[in-house]
Asker: 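So that we are looking at the same thing, I have put the structure below in structure tokens.
Per chain, numbering begins at 1; letters A, B, ... match sequence-line order.
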Number of protein chains: 2
Amino acid sequence: MSEEDRAAARERVIESMEQSAEVYGLSRSAGRIYGVLYFSEEPLSIPDLVDETGYAKSTISNVTRTLTRIGMVRRRSSDGGGRRVRYTAVREIWFILQDVFQQYVQREIQTTLRTIQRAQAQLPDGNEPETEQIEELRATYEDLEEVVSLVSEFTAAELRDALESYDR
Amino acid sequence: MSEEDRAAARERVIESMEQSAEVYGLSRSAGRIYGVLYFSEEPLSIPDLVDETGYAKSTISNVTRTLTRIGMVRRRSSDGGGRRVRYTAVREIWFILQDVFQQYVQREIQTTLRTIQRAQAQLPDGNEPETEQIEELRATYEDLEEVVSLVSEFTAAELRDALESYDR
DNA sequence: CAGTTTGTTCGGTACGCTCCGAATGAACGA
DNA sequence: TCGTTCATTCGGAGCGTACCGAACAAACTG
């Protein structure tokens with residue numbers, strides 16, 4: 001009975017992770033696999049994950065690779081010298097979000113900013129409308145670049161504190 | 001010659017907006033349409049946008065609707081009482097990002113947090129592993145919720161200042 | 001050395017999304 | 001009233017992605 005409750009609670013949270021995964025540009029399977037690993041105390045092998053999730057072996061193989069690449073999961077390779085690969089979830093959600101932030105948002109902002117700067121350098125600085133608009137864009141993106149680069153140095157609690165205690 | 005340069009600069013930035021649109025879950029057409037509107041001084045009608053972008057009328061119609069819905073574009077309906085709808089870009093990128101943040105990230109975090117809280121309430125607070133893991137999840141998501149809700153009250157420059165001046 | 005288990009890769013299918021063109025529906029001007 | 005110009009909607013083509021099953025490669029087990 002208690003075990004059933006725990007399983008139900010796990011399942012709810014895992015379903016929520018499936019949804020979150022979609023929001024962050026991952027597949028539902030990635031969300032579920034991460035969720036199962038999140039609640040598992042021991043590392044799980046690919047066959048284990050096949051049993052737990054019902055996905056095909058190939059799907060597990062592919063998804064675990066991308067999860068490993070983006071740092072949501074760790075390969076605990078060859079525990080006792082065995083060939084069996086085993087995975088654990090990285091449970092620090094904040095670190096994961098920071099990584100996603102760096103790899104997607106920060107990168108995107110940097111390339112955009114560079115494009116804007118190049119376009120601006122090429123423009124004669126007369127007072128055509130473009131000049132002013134691009135200048136405004138550049139200013140915003142410079143603030144943004146600084147903000148996202150700073151965010152990646154904070155913990156969630158620090159960030160919260162910094163914003164709460166800031167007095168305008 | 002100067003006009004060509006300006007056109008080239010515009011085109012570069014617009015291409016960059018196409019890419020950014022994809023990163024933020026929009027279509028390339030949405031990025032281009034927004035970009036054309038961004039650099040246009042007068043509001044543009046759908047036929048105007050067809051000419052400027054080369055997209056089909058139906059595409060423009062659909063995309064402008066979603067851009068309007070998420071607040072990147074404004075419908076300046078019926079200027080002289082005419083039936084012609086005209087669009088302008090909302091140029092304050094920071095406001096747009098805040099809206100996206102609110103509509104996607106904040107909403108996602110809130111529903112996740114609520115799921116976690118419900119799962120936690122249902123669990124007997126023994127010391128099973130699930131209890132602790134869900135508790136940790138909840139703490140992180142509560143910080144996150146507070147952070148994103150605060151972010152939507154700051155300007156980009158304020159945010160930058162708050163993070164730069166925070167002393168740990 | 002077979003036979004088994006494990007992990008990756010490859011081709012294929014199903015589904016959703018983007019965009020187009022055509023049809024439909026309104027409003028305007030003669 | 002009729003033709004024209006706009007805007008929306010609908011069906012469909014093209015394309016990328018998620019996932020599956022099968023084939024394959026590599027390592028352990030007897």
Asker: Expressed as a whole number of angstroms, how long is the span from A:Ile60:CD1 to C:dT6:C1'?
Answerer: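 These atoms are roughly 14 Å apart.
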
Asker: Measure the distance from CZ on B:Arg76 to P on D:dC6 and round it to the nearest whole Å.
Answerer: 20 Å

Asker: Under 4.0 Å, counting only non-hydrogen atoms across every strand here, what does A:Ser27 touch: a base, just sugar-phosphate, or nothing?
Answerer: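 Answer is sugar-phosphate: A:Ser27 comes under 4.0 Å of backbone atoms only.
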
Asker: Find the distance A:Asn62:CG to D:dG21:C1' and express it as a whole number of Å.
Answerer: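 About 13 Å, once rounded to whole Å.
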
Asker: Hey, mind stepping through B:Leu150 and A:Glu164 against side-chain contact (heavy atoms from CB on, under 4.5 Å) and telling me if it holds?
Answerer: CA-CA 8 Å; B:Leu150 283 173; A:Glu164 278 175 344; 3.5 Å; yes

Asker: Return the nearest nucleotide to the side chain of B:Ser58; candidates are D:dC19, D:dC10, D:dA7.
Answerer: D:dC10

Asker: Could you give the CZ-to-P distance, from B:Arg28 to C:dC17, as a whole number of Å?
Answerer: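 Distance, rounded to whole Å: 18 Å.
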
Asker: Distance check needed: C:dT6 P versus A:Leu49 CG, whole Å only.
Answerer: 13 Å

Asker: Work out which heavy atom in B:Val148 is nearest to a heavy atom in B:Phe101; give both atom names and the distance.
Answerer: CG1-CE2, 3.6 Å

Asker: What are the two closest heavy atoms between B:Val90 and B:Gly71, and how far apart are they?
Answerer: CG2-O, 3.6 Å

Asker: Donor-acceptor pair under 3.5 Å: do we get one between A:Ser61's side chain and the base of C:dG7?
Answerer: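 Check fails, no donor-acceptor contact within cut-off.
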
Asker: Below 3.5 Å, does any donor atom in the side chain of A:Lys57 face an acceptor in the base of D:dG21, or the other way round?
Answerer: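 There is none.
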
Asker: Assuming nearest nucleotide by heavy-atom distance, tell me which of A:Ala56 and B:Tyr87 is located more 5' along DNA chain D.
Answerer: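 So the residue in question is B:Tyr87.
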
Asker: Can you tell me how far CG of B:Leu144 sits from CH2 of A:Trp94, rounded to the nearest 0.5 angstrom?
Answerer: 6.0 Å

Asker: Taking 4.0 Å as the cut-off, does a side-chain nitrogen or oxygen of A:Arg75 come that near to OP1 or OP2 on C:dT8?
Answerer: yes

Asker: Can you tell me the distance, in whole Å, between the CD atom of B:Glu22 and the P atom of D:dC15?
Answerer: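 Nearest whole value for this atom pair: 16 Å.
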
Asker: Hey, could you give me the CG/OH distance between A:Leu37 and A:Tyr87, rounded to the nearest 0.5 Å?
Answerer: 9.5 Å

Asker: How far apart are the closest heavy atoms of B:Asp143 and A:Ala156, and which atoms are they?
Answerer: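 The answer is CB-CB, 4.0 Å.
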
Asker: Report the distance from atom CZ of B:Arg84 to atom P of D:dT8, rounded to the nearest whole Å.
Answerer: 13 Å

Asker: Rounded off to whole Å, could you give me the CD1-to-P distance for the A:Ile46 and C:dT4 pair?
Answerer: 21 Å

Asker: Donor-acceptor pairs are to be reported for all side-chain atoms of residues 112-119 of chain A against protein atoms at under 3.5 Å, with residues two or more places apart or in another chain.
Answerer:
| unit_1 | atom_1 | unit_2 | atom_2 | d |
| --- | --- | --- | --- | --- |
| A:Thr112 | OG1 | A:Glu108 | O | 2.9 |
| A:Thr112 | OG1 | A:Glu108 | OE2 | 2.9 |
| A:Thr112 | OG1 | B:Ser20 | OG | 3.4 |
| A:Thr115 | OG1 | A:Thr111 | O | 3.0 |

Asker: Using the C1' atoms of five pairs at each end, what's the angle between the two axes of the helix from C:dC1-D:dG30 to C:dA30-D:dT1, to 10 degrees?
Answerer: 10°

